[in-house]
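What follows is one structure encoded as structure tokens, with my remarks underneath.
Bear in mind the structure is a predicted one, so any value in this text is a computation, not a measurement. Both ligands and their constituent atoms are indexed starting at 1 by order of listing.
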Amino acid sequence: MELERKIDILAESAKYDVSCSSSGVENNTRPGTVGSTQASGICHSFTPDGRCVSLLKLLFTNACIFDCHYCINRKSNAIPRATFTPQEVADLTMDFYMRNYIEGLFLSSAIIKSADYTCELLIKTLKILREEKGFRGYIHVKAIPGADEKLIEELGFLADRMSVNVELPSRESLKLLAPDKDPFDLYKPMKQITTVKKEQEFLPALRRGPSFVPAGQSTQMIIGASPESDRSIVKISENLYQKYQLKRVYYSAYIPVNQDNLLPAVTTEPPLLREHRLYQADWLLRYYKFTADEILSEDKPNFNLYLDPKANWAVQNYQRFPVDVQTAPYDQLLRVPGIGPKSAQNIVKARKYYRLHLTDLKKLGIVIKRAQYFIACNHETPAGLIKDPEWIITSLISSKQYQVLKKHNTQSTSEQLSLFDVERFEHAKSR
Ligand code: SF4
């Protein structure tokens, strides 16, 4: 098969993988504009030092021996199949790199013949790149679940980042929707990557040798293909961050690609708002010192459609506010909607030198429009002392935003519960 045809087939099959920031976006340049993106091809990722790098995104093969219900590449689908050779992937990567289109490679794969065989092909590819072509660019590669530990280790010494996709948020759903996958095989490489990385960190610098997965590991979960609550997904992410020191958990709103009785109908809209809320909650776990139990409780296990998780937490815990910006500890400032890690640091630094006034807060990076209901500054509460959290909710949501959400809510039957129902919102808004 011609290389161009292979690229066409495998690009189509790769576009549902979201473990890199820009996949799924398709924009063409128009006269007078610059920059086009494609659903697959070149994607972006972030290195440990925060740089955004462009990666050539390739699926090694879509000729999968597994039959995961939710996947376009499952063996029971009658779609064109193709497989690159290691040499082709290495040549393509170098070609793009030499033309300055990319800074690295994002290489994923379906399972061809067996997990070991697939892993060996990926190793061979990375070896050609690293050893024969001297490629020192960034490489993100999928760890193949079920592959031998030695192969995973070898792959890890050739890559910068590895990811093992958890795919579904519970063992039950995995069993039902990915019957060929053993949940144990998914978590085993994650554990191995964590252990080898730790062992390497404990070695004296001179004895460390080549770095093992220096940019850490990540994973991806499909949202909306199975019935788990938002709370259970956030709890899994928290557990993964703590247990395996993951760099990122990616959430992928399920796009119905297969007609299947076990899955939402093909006409179902992907739950994009839910995916967005999960990213917001994930941010709270990683940068705002929230726990999963604080973000969502057992009795309210799903996100509020109308409020982001931090604002939702604040109105549900309104007795903790207002927070005095002059005296509150850093961690408490972080909990205020409209105050992020940077602005909380700015407050802590600035108040050492002078007494803060409301006029100072904007300059320190606080979003007053959001924070005003939750802070006290110089004995003043910018929005006045409000006793009714529901009033705050209505104030935080603009009418325009509400209309958009309402439309979205009526279109999508798979969406999540709101804190209060539509009638109550309308009543409060008209007061
Ligand atoms: S293993 Fe499952 S999810 Fe992965 S490519 Fe094969 S069918 Fe798709």
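The nearest heavy-atom contact from the protein to atom 2 (Fe) of ligand 1 is C68 SG, 2.3 Å. Atom 6 (Fe) of ligand 1 has its closest protein heavy atom at C64 SG, 2.2 Å. In terms of protein heavy-atom proximity, atom 5 (S) of ligand 1 is closest to A110 CB, 3.6 Å.
Both tests do not hold together for R335 against F374: distance to the six-membered ring centre under 6.0 Å, angle to the ring axis within 45°. For the pair K188 and F184, the NZ or CZ position fails the cation-pi test of under 6.0 Å to the six-membered ring centre and within 45 degrees of the ring normal. Cation-pi check for R320 over Y318 is not met; the charged atom does not lie both under 6.0 angstrom from the ring centroid and within 45 degrees of its normal.
Residue contact check for ligand 1: K181 places a non-hydrogen atom closer than 4.0 Å to it.
Within 6.0 Å of the NZ atom in K175, the count of heavy atoms belonging to other residues, nucleotides or ligands does not exceed 12.
Aromatic rings of F135 and Y97 (six-membered ring for Trp) have centroids within the 6.0 Å cut-off, being under it.
Residue C71 does not count as close to atom 6 (Fe) of ligand 1, with no N, O or S atom under 2.8 Å.
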